[in-house]
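Accompanying notes for the structure given below.
Residue numbers begin at 1 in each chain, while the letters A, B, ... track the order of the sequences.
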Amino acid sequence: MSFIQTLKQSVGLSTDGLTKRKTVTFGDTTAVGNGRFWSIISVITLSMAWYLGSALELVNPIFWPAPSAVWDQFINISQDGYRNFTLWEHVWASLYRILVGFALGCLIGIPLGFAMGLSEIIRGWFDPIVEFFRPIPPLAFIPLVIIWSGIGERSKILLLFFAALWIMVIAARAGVGSVKLSKIHAAYSLGATKRQILMHVILPNSLPEIFTGMRVAMGICWGTVVAAELVAAESGIGFMIMAASKFLATDIVILGVIVVGVIGYAIDILMRKLEDKLIPWKGKA
Amino acid sequence: MSDLVVNDVSMVFDTPSGEQVHALENVSFSLKQGELLSILGPSGCGKSTLLNIIAGFLAPTDGTVELASTEIHGPGSDRGMVFQQGALFEWLSVAENIGFGLTMKGTPKDEIKKTVDHLLETVGLHDFGEKAIYELSGGMQQRVALARCLANDPDVILMDEPLGALDALTREKMQGLVLKLWKETGKTIILITHSVEEALFLGERLFVMAPRPGRIKKEYSLPFAEAGVTKDPRDVKADPDFGAKREEILNMIWEMEEEIMGQAEE
């Protein structure tokens with residue numbers, strides 16, 4: 001009995017005793033389990049469909065290669081590389097670009113957002129600029145950055161800096177706006193100077209908003225770098241996909257898509273973990 | 001002596017819609033060091049404006065406020081504040097919150113620790129120094145707020161509805177703590193509240209304020225705070241005189257509110 005209990009729990013099927021006694025569950029979202037059991041079924045079913053579709057030759061492998069072909073390419077490119085670089089070097093090329101662009105975006109965007117939150121002149125001066133650039137998808141700047149800086153690293157980093165910048169400006173400005181006046185007044189009454197209030201009250205108080213901005217910016221940057229590499233690049237995971245598609249190497253294309261998905265997911269998980277670690281008070285105040 | 005003198009303070013300002021608001025008109029009083037004053041009144045009577053002027057966050061359009069014969073021109077650590085809720089720093093531990101003022105002044109760490117440990121004991125939180133703010137109940141958070149304010153050793157403590165967000169039972173307990181701290185530290189305290197009972201219990205002196213223009217309508221000198229230090233709060237509040245005063249003040253405030261409603265209908 002206890003073994004079955006443990007098994008049910010590990011696949012996310014357990015409902016607690018109180019939930020079982022509830023007479024009304026439709027609309028009561030606390031009574032909806034996480035559904036992990038069905039997630040497992042779903043992944044298995046889709047994988048089986050892919051495998052069977054290929055094994056029974058229902059689709060042409062040029063359009064939809066077998067899992068084994070994708071796996072072989074994974075091993076192959078991890079070791080021997082594709083177009084001068086191994087899979088990991090392609091992944092790192094993309095990651096390096098977003099890390100540098102993202103870091104620059106934070107470095108400029110956070111202080112600018114703070115200044116906009118704290119000064120009428122700076123807010124007024126930069127508001128039209130931010131509001132103009134914010135809704136433009138970063139991809140729309142690809143032709144421009146290629147004209148400016150070619151197809152090398154500089155143009156990618158410039159593009160990603162641009163993608164992260166506006167998100168971070170708005171996040172930092174929102175963070176400043178979220179500080180309660182009573183906290184500021186309390187700090188003044190405790191003898192804090194303006195500089196101390198900036199560093200010890202406004203900055204830590206805006207960390208939750210800044211972190212949310214960082215998570216969004218990382219997601220956007222990842223999407224943007226892959227797209228930019230699809231257009232023009234000499235390395236990177238997007239470049240690998242594009243190069244492979246020109247030779248109808250669909251197995252490599254699919255491999256690339258899966259890697260893009262897994263890394264994007266990993267970035268998000270990592271940012272969430274960091275958030276829990278660094279801002280434990282978020283949502284609890 | 002660090003007496004607080006509020007001298008003929010008026011506050012008139014224009015709203016964005018062009019309306020002129022007389023938030024305060026010719027308010028004068030003085031508090032000796034160690035006095036406990038509670039202020040009560042319907043919303044719009046200017047009690048928060050008055051507190052903000054004393055704290056130094058607002059400059060009155062007329063009149064002056066002096067503390068220890070020095071005119072107030074801005075906020076300072078000689079006037080500590082306790083707010084209703086949410087004024088603690090969630091990113092700091094309980095002990096770091098209490099030591100915040102001293103840390104900002106650059107006080108040596110071991111001295112801060114000594115003060116903080118003592119205050120944790122005083123407010124009954126001696127095992128909670130390393131806890132996070134969000135792990136504490138509302139009542140405990142207000143204990144931290146009181147301790148944080150006391151750590152700076154201010155001359156005056158200004159409390160803006162400090163117990164307003166607490167449930168009734170916790171509130172009673174905290175009233176006892178405020179009285180205890182008042183007696184032990186000898187601080188001058190000004191406390192704003194919406195509760196008539198609390199104003200009666202936590203005021204040696206009590207101002208009932210009236211709106212339009214904001215002014216002190218009636219002043220009381222009360223024995224209940226002094227009695228509450230030694231006697232059971234329940235007994236003090238059961239005193240017939242306490243009940244009579246409560247009815248009198250409630251009637252006064254209801255009349256004011258009706259007047260406001262009447263003006264609004266015109």
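Between the CH2 atom of A:Trp281 and the CD atom of B:Glu135 there is a distance of 13.5 Å, given to the nearest 0.5 Å. Separation of atoms OG1 (A:Thr212) and CD1 (A:Ile170) is listed at 13.5 Å; rounding is to 0.5 Å. Here the straight-line distance linking atom CG of B:Asp153 with atom NZ of B:Lys187 works out to 3.5 Å at 0.5 Å rounding. Annotation: the span from A:Leu207 atom CG to A:Glu275 atom CD amounts to 10.5 Å, rounded to 0.5 Å.
With A:Phe102 as the aromatic partner, A:Arg97 does not meet the cation-pi criteria of under 6.0 angstrom to the ring centre and within 45 degrees of the ring axis.
For B:Leu158, no part sits under 4.5 Å from any heavy atom of chain A, backbone or side chain. In this structure, the portion of B:Gln85 lying under 4.5 Å from any heavy atom of chain A is its backbone and not its side chain.
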Side chain to side chain contact (heavy atoms under 4.5 Å, CB included) evaluation trace for A:Thr193 with A:Tyr188
CA-CA 7 Å; A:Thr193 61; A:Tyr188 273 116; over 6 Å; no

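Centroid-to-centroid, the aromatic rings of A:Phe162 and A:Phe133 come within less than 6.0 Å.
Of the residues considered (A:Ser189, A:Ala186, A:Ala187), A:Ser189 shows the highest number of contacts with chain B, using heavy-atom pairs under 4.5 Å. Listed options A:His185, A:His200, A:Gln196 were ranked by heavy-atom pairs under 4.5 angstrom with chain B; first place goes to A:His185.
Interface with chain A: from residues 50-64 of chain B, residues B:Asn52, B:Phe57 qualify, criterion being any non-hydrogen pair under 4.5 Å.
Closest non-hydrogen pair, A:Ala164 versus A:Gly101, comes out as CB-O, 4.4 Å.
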